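Worth saying up front: this structure is predicted, and the values here are computed from it rather than measured. In the text below, chain A, chain B and the rest are named by the order of the sequence lines, each starting its count at 1.
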Protein chains: 2
Amino acid sequence: MDWDQRLHARGYRVTPQRTLVLAAVNDLGHGTPEEILARVQVEAPKVNLSTVYRTLEVLEDVGLVTHAHLGHGSPTYHSVDDDVHIHLVCRTCDGIESIPVGVARDFLDALDREQGFSTDIGHMAIHGVCRTCREVARDD
Amino acid sequence: MDWDQRLHARGYRVTPQRTLVLAAVNDLGHGTPEEILARVQVEAPKVNLSTVYRTLEVLEDVGLVTHAHLGHGSPTYHSVDDDVHIHLVCRTCDGIESIPVGVARDFLDALDREQGFSTDIGHMAIHGVCRTCREVARDD
DNA sequence: GTATATGCAAAGGGTTTGCACGGTT
DNA sequence: AACCGTGCAAACCCTTTGCATATAC
């Protein structure tokens, strides 16, 4: 089913703003509401931030985008076309690495088996210290 | 080393507010800045929210408390006396389960081995759907 | 034509900051 | 006595909301 049909199917209207926001997320791969707005405003300068928020909510509702919390700030919206990935955020340098979900497979299976919990591993970042910063710390 | 010595050792002063905030975190086990303030104000009604924020920052700096992000709202501060635990947050009912880190051991080892990443698994909650909500969903 | 979507501006929640006063060292 | 910590109020960032207008259906 095509993206505009997805909106229709749920009773939402297809508007230029929704088209542009979805295109922005797909182009960027991922971005915060502010970043998405900036992208949208290249073509349509009058679009408002509140429209971006409302639109992302709608697009998420119909399954065209998802969001993740990478740090203490704004969430990051992702195209659903991208593979789900785990975000590793370094406490020291604030760097972000994206890795495939494979490493977590056994862990997710265990949560399912032992807790009955179905995990959305892409939704929240995993915090810690990255290789580079650990090495720097060790050298001190 | 005792808690007041930890503060001194880092050049911080020991004040009634810091004493009360630390006691509140230890009493509550965990709590948001607002909840901690409420607890502190039972004994000292004039203490201000900004003092709680500044104090939690200091206490975290000297390693007397830690914080975790459980949802989209305020962070939760924890006593470091508590064992580190993983927070499972249900997307559907917003319920929170705390489980021991054991289940994640292999996963954390793999991140260390393969990515050089040292994970603080307690810092960010893991999102998904809990057993109860999955069963409800299945019955629909 | 009618209900939904939008832009704008204002309000809201949570957090941080500037400043003068007060308290710890 | 010197400096750090505090209370208070204002500022701040991000997000949501109310309302009148515009637009997709």
Inset, instruction - Evaluate whether atom CG of B:Asp2 has more than 12 neighbouring non-hydrogen atoms of other residues, nucleotides or ligands under 6.0 angstrom away. - result: yes

Inset, instruction - Whole angstrom is fine here: how far is it from CD in B:Gln5 over to P in C:dT24? - result: 19 Å

Inset, instruction - Return each pair, listed once, that meets side chain to side chain donor-acceptor pair (under 3.5 Å) where at least one residue sits in residues 99-116 of chain B; pairs must be two or more places apart or across chains. - result: A:Arg134-B:Asp112

Inset, instruction - Return each pair, listed once, that meets salt bridge (Lys or Arg N to Asp or Glu O under 4.0 Å) where at least one residue sits in residues 55-69 of chain A; pairs must be two or more places apart or across chains. - result: A:Arg10-A:Asp61

Inset, instruction - Note every stem involving DNA chain D: at least three consecutive Watson-Crick or G-U wobble pairs, i with j then i+1 with j-1, with both distances under 3.5 Å. - result: C:1-25 with D:1-25

Legend entry - ILVMFWY clustering at 4.5 Å (side-chain atoms), partners of B:Met124: A:Met124

Inset, instruction - Can you tell me the distance, in whole Å, between the CZ atom of B:Arg13 and the P atom of D:dC3? - result: 10 Å

Return the polar atom pairs (N/O with N/O) between nucleotides 6-8 of chain C and the protein under 3.5 Å, or none.
| residue | atom | partner | partner atom | Å |
| --- | --- | --- | --- | --- |
| C:dT6 | OP1 | A:Thr15 | OG1 | 2.7 |
| C:dT6 | O3' | A:Gln17 | NE2 | 2.7 |
| C:dG7 | OP1 | A:Gln17 | NE2 | 3.3 |
| C:dG7 | OP2 | A:Asn48 | N | 3.3 |
| C:dG7 | OP2 | A:Thr51 | OG1 | 2.5 |
| C:dG7 | N7 | A:Arg54 | NH2 | 3.0 |
| C:dG7 | O6 | A:Arg54 | NH2 | 3.1 |
| C:dC8 | N4 | A:Ser50 | OG | 3.4 |

Inset, instruction - Find the distance A:Glu57:CD to C:dA5:C1' and express it as a whole number of Å. - result: 13 Å

Inset, instruction - On DNA chain C, check which nucleotide each of B:His8 and B:Leu49 is closest to and give me the residue with the more 5' one. - result: B:Leu49

Legend entry - With sequence neighbours excluded, residues passing ring pair (Phe, Tyr, Trp, His ring centres under 6.0 Å) with B:Phe107: A:Phe107

Inset, instruction - Measure the distance from CG on B:Asp4 to C1' on C:dT25 and round it to the nearest whole Å. - result: 14 Å

Legend entry - Test ring pair (Phe, Tyr, Trp, His ring centres under 6.0 Å) applied to B:His123 - qualifying residues, sequence neighbours left out: A:His72, A:His127, B:His67, B:His69

Inset, instruction - Calculate the interatomic distance between B:His67 atom NE2 and C:dG14 atom P; express it in whole Å. - result: 16 Å

Inset, instruction - Take atom CG of A:Leu56 and atom P of D:dC14, then tell me their distance rounded to the nearest Å. - result: 15 Å

Legend entry - Nearest-angstrom distance from the residue atom CG of A:Leu20 to P of C:dA5: 16 Å

Inset, instruction - For B:Gln41 and B:Leu37, run side-chain contact (heavy atoms from CB on, under 4.5 Å): C-alpha distance rounded to whole Å, both residues' side-chain angles, the deciding distance at 0.1 Å, then the answer. - result: CA-CA 6 Å; B:Gln41 287 186 332; B:Leu37 176 66; 3.6 Å; yes

Inset, instruction - Kindly write out the residues that satisfy ring pair (Phe, Tyr, Trp, His ring centres under 6.0 Å) with B:His85, not counting sequence neighbours, or none if the list is empty. - result: B:His78, B:His87

Inset, instruction - Provide, to the nearest angstrom, the distance between the CZ atom belonging to B:Arg10 and the P atom belonging to D:dG5. - result: 12 Å

Inset, instruction - Among residues two or more places apart or on two chains, list those pairs meeting side chain to side chain donor-acceptor pair (under 3.5 Å) that have a residue in residues 19-28 of chain A. - result: A:Asn26-A:Ser79, A:Asp27-A:Arg39

